[in-house]
Amino acid sequence: MTATQQKPDQSRMLPHAGRRLPVLKRLSGKLLRLTLLFGLLAEVMIFVPTMADMRMRWLSDRLNTVAAASVVLAASDAKDVPQSVQDDVLLATGTKAIALREKGASRLLAVSEMPSKVDRHVDITVTDPITVIRDAFDTLINGGNRVIRVYGPIGDTGKVIELLTSDKPLRNAMLRYARNVALISLFISTITAGLVFLAISRLLIRPIQRMSANMLAFAQSPDDPLRIITPEEREDELGIAQRELADMQRQLQRTLSEQKHLADLGLAVSKINHDMRNILASAQLMSDHLANTSDPAIQRFVPKLVRTIDRAINYSQTVLAYGGTQEAPPQRRRVKLRTLVSDVEEMLNLDAKSGIEFNNHVPESFEIDADPDQFFRIILNLCRNSVQAMTGDTRGDASVIKRLTITAGQIGTTSIIGVEDTGPGLPPKARENLFTAFKGAARSGGTGLGLAIVHELVRAHGGTIELRDSEGAGASFEIRIPDQPISLAEWRSRRDSMP
Ligand SMILES: Nc1ncnc2c1ncn2[C@@H]1O[C@H](COP(=O)(O)OP(=O)(O)OP(=O)(O)O)[C@@H](O)[C@H]1O
Ligand SMILES: [Mg+2]
């Protein structure tokens with residue numbers, strides 16, 4: 001493999017890494033546009049009623065001025081008011097005609113040239129907002145060339161003053177006002193949007209950008225402790241998120257280093273296994289030679305030796321052939337459990353000095369549907385644990401009973417096997433990490449693999465294993481292995497062969 005091949009292609013692993021987002025797509029760009037938009041929206045919502053109000057004030061001012069002038073005009077008989085005076089009043093008040101209504105009678109105070117038609121009538125006392133806003137829009141959109149009649153009461157006098165005027169000056173005033181308000185609104189919303197943006201950017205966007213940059217950097221090199229985010233001293237949700245992220249990154253690094261450790265260990269085990277198989281093969285050859293010697297003492301132990309070496313070779317081979325860290329699927333057969341347990345007893349080689357009593361209580365005829373080699377390993381691991389616990393427990397006190405008992409029974413098609421000892425029972429660490437590889441070891445020299453292997457093998461048989469409550473009163477494991485489903489013919493032949 002070349003140097004370039006060895007280096008992982010980071011950009012392919014992380015599609016977003018190193019890519020800078022266009023300004024408009026960035027969170028800050030979106031936020032700026034939205035604040036500006038909402039600012040303008042708020043100004044428009046204020047602008048509409050303000051504009052309607054301005055129109056009403058304009059009309060009301062005009063009406064008040066006309067009312068003041070009408071006092072002078074009404075003082076004399078209209079016929080006596082010279083036309084030139086009337087024209088002056090009309091010009092000064094910007095109206096076309098002025099009338100006064102009193103006690104049901106209307107009196108024309110000044111007129112120069114009566115318009116042929118009146119386009120709109122405005123009652124100055126109407127303040128209903130919908131009507132006022134609608135009329136304001138009407139003036140802005142359709143006005144400019146119309147004659148309007150405006151009327152309203154003069155204080156509490158009971159008189160009503162009326163005027164006819166063109167709506168052009170009103171509309172022009174409204175347009176000027178609208179332009180000014182729009183400019184001021186734009187200015188205010190720009191300033192507000194800018195301030196809101198700066199505040200949110202400092203409070204939210206920068207920390208979020210920092211977190212996302214950190215995530216990308218961490219993803220590129222998750223085993224680098226320097227890439228763990230340093231959380232800010234803040235109590236809000238972002239502070240919590242940063243602290244959680246830092247915890248997650250630390251946890252991930254721990255898991256990664258554990259996995260790397262396990263992978264290294266797996267490779268080491270494979271290597272050991274590989275060469276162990278070769279060494280065992282030589283031992284097998286030698287034991288074959290031993291079998292040919294005539295010494296009866298040697299003849300007695302040679303078959304056990306051969307069987308033990310065979311088992312070891314077999315196991316080495318399946319591990320290598322199957323690869324990985326998982327066990328090979330069980331090759332299930334009908335197995336005489338009592339014999340298998342006896343083999344385990346022999347393997348344990350318990351002498352009188354150990355003081356351990358081994359009770360094989362499995363009935364002679366008891367059969368179990370299991371992989372013989374795997375089930376041998378299950379019982380051996382459990383028994384070896386018991387022996388180790390009882391040997392290390394008493395410091396040579398001969399009065400303490402050390403008993404290891406194997407029992408077996410059947411419920412329906414499920415075999416129940418018990419492995420029970422009178423040792424000290426499982427320490428808390430072992431119980432808390434029961435069946436978890438490498439974690440439950442609580443004795444010196446233990447690797448914490450035995451029970452995990454047992455668990456995996458039992459599960460591979462579709463069975464269960466549990467530790468019965470054993471605190472301080474020895475350890476007691478119960479294994480349940482269901483028989484494999486069998487054909488009716490096989491069931492009949494088994495039933496017939498039963499004693
Ligand atoms: N019968 C038992 N009595 C008391 N403690 C036990 C018994 N069986 C297991 N333990 C405790 O459980 C721990 C885990 O057992 P396990 O067989 O998984 O690992 P180990 O015996 O420490 O190492 P190894 O991988 O060599 O078997 C042991 O270290 C031991 O403390
Ligand atoms: Mg063990």
Side-chain angles (χ1 to χ4, degrees), residues 258 261-262 264-270 272-273 276 308 311-312 315-316 318-319 325-327 340-341 343-350 354-362 373-397 400-408 416-461 463-480:
E258 273 172 22
H261 178 66
L262 287 181
D264 291 347
L265 205 68
L267 185 65
V269 168
S270 295
I272 295 170
N273 207 29
M276 188 66 80
T308 307
R311 269 206 176 97
Y315 179 49
S316 285
T318 50
V319 169
T325 51
Q326 275 187 337
E327 296 288 343
L340 188 144
V341 172
D343 285 354
V344 170
E345 185 183 356
E346 274 173 15
M347 187 74 125
L348 290 172
N349 205 14
L350 298 171
S354 72
I356 296 175
E357 177 190 330
F358 190 97
N359 287 333
N360 183 351
H361 282 179
V362 179
D373 286 338
Q374 291 190 352
F375 212 78
F376 179 84
R377 286 166 60 205
I378 293 174
I379 303 294
L380 180 63
N381 262 300
L382 291 175
C383 290
R384 202 187 282 287
N385 277 350
S386 292
V387 169
Q388 281 162 347
M390 289 191 287
T391 312
D393 179 31
T394 56
R395 296 183 198 88
D397 186 347
V400 177
I401 292 174
K402 299 175 186 172
R403 188 183 302 126
L404 173 55
T405 311
I406 319 295
T407 53
I416 303 171
I417 299 99
V419 179
E420 206 176 322
D421 67 48
T422 56
L426 266 79
K429 186 183 173 199
R431 258 181 285 131
E432 280 153 24
N433 298 290
L434 200 64
F435 309 130
T436 312
F438 300 115
K439 294 216 166 146
R443 65 174 176 84
S444 70
T447 57
L449 260 180
L451 287 180
I453 293 173
V454 167
H455 187 237
E456 192 180 341
L457 292 176
V458 170
R459 292 256 309 259
H461 281 79
T464 57
I465 173 165
E466 60 180 53
L467 173 70
R468 285 190 290 209
D469 201 13
S470 73
E471 205 170 349
S476 170
F477 285 94
E478 184 183 277
I479 302 169
R480 287 173 181 250

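Quick caveat: nothing in here was measured; it's all calculated off a predicted structure. For the numbers below, each heavy atom of this structure counts, side chains included, while hydrogens, waters and symmetry mates do not. Each ligand, and each atom within it, is numbered from 1 in the order the structure gives.
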Next on the checklist: Given Gly448, Gly450, Ala441, identify the one with the heavy atom nearest to atom 20 (P) of ligand 1.
Outcome noted: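 Result: the heavy atom closest to atom 20 (P) of ligand 1 is in Gly448.
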Checklist entry - Taking atom 5 (N) of ligand 1 as the point of reference, which of Gly425, Ser386, Gly423, Ala475 owns the nearest heavy atom? => result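 Looking at heavy atoms only, Gly425 sits closest to atom 5 (N) of ligand 1.
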Short list, please: which atoms of ligand 1 are under 4.0 Å from a heavy atom of [X]?
X: Gly446; answer: 20 (P), 22 (O), 23 (O)
X: Ala430; answer: 11 (C), 12 (O), 13 (C)
X: Leu451; answer: 9 (C), 15 (O), 16 (P), 17 (O), 18 (O)
X: Pro427; answer: 5 (N), 31 (O)

Next on the checklist: Taking CE in Met347 as the centre, count heavy atoms belonging to other residues, nucleotides or ligands within less than 6.0 Å. Is the count above 12?
Outcome noted: yes
Heavy-atom distances under 4.0 Å are what count here, so tell me which part of [X] touches ligand 1: side chain, backbone, both or neither.
X: Asp421; value: side chain
X: Pro424; value: neither
X: Ala389; value: side chain

Taking distance alone, with N or O pairs closer than 3.5 Å, would you say [X] contacts ligand 1?
X: Phe477; answer: no
X: Arg443; answer: yes
X: Leu426; answer: no

Checklist entry - Between Glu478 and Arg480, is there a salt bridge with N-O shorter than 4.0 Å? => result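 Salt bridge present between Arg480 and Glu478.
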Checklist entry - Do you know which two heavy atoms are closest between Thr407 and Val362, and how far apart they sit? => result C-CG2, 4.4 Å
Next on the checklist: Would you say that Leu404 contacts Val419 through its side chain, given a criterion of any heavy-atom pair below 4.5 Å between the two side chains?
Outcome noted: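 Yes, their side chains come closer than 4.5 Å.
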Item to check | Heavy-atom side-chain proximity of Val454 to Glu456 below 4.5 angstrom | outcome: no
Next on the checklist: So that I can check it, does any N, O or S atom in Gln388 come closer than 2.8 Å to the Mg ion (ligand 2)?
Outcome noted: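 Looking at Gln388, which is the residue asked about, there is no N, O or S atom under 2.8 Å from the Mg ion (ligand 2).
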Checklist entry - At what distance, to the nearest 0.5 angstrom, does OG of Ser386 lie from CZ of Phe477? => result 7.5 Å
Item to check | Arg311 to Phe376 six-membered ring, cation-pi geometry met (6.0 Å, 45°) | outcome: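 Yes - Arg311 lies over the ring of Phe376, closer than 6.0 Å to its centre and within 45° of its axis.
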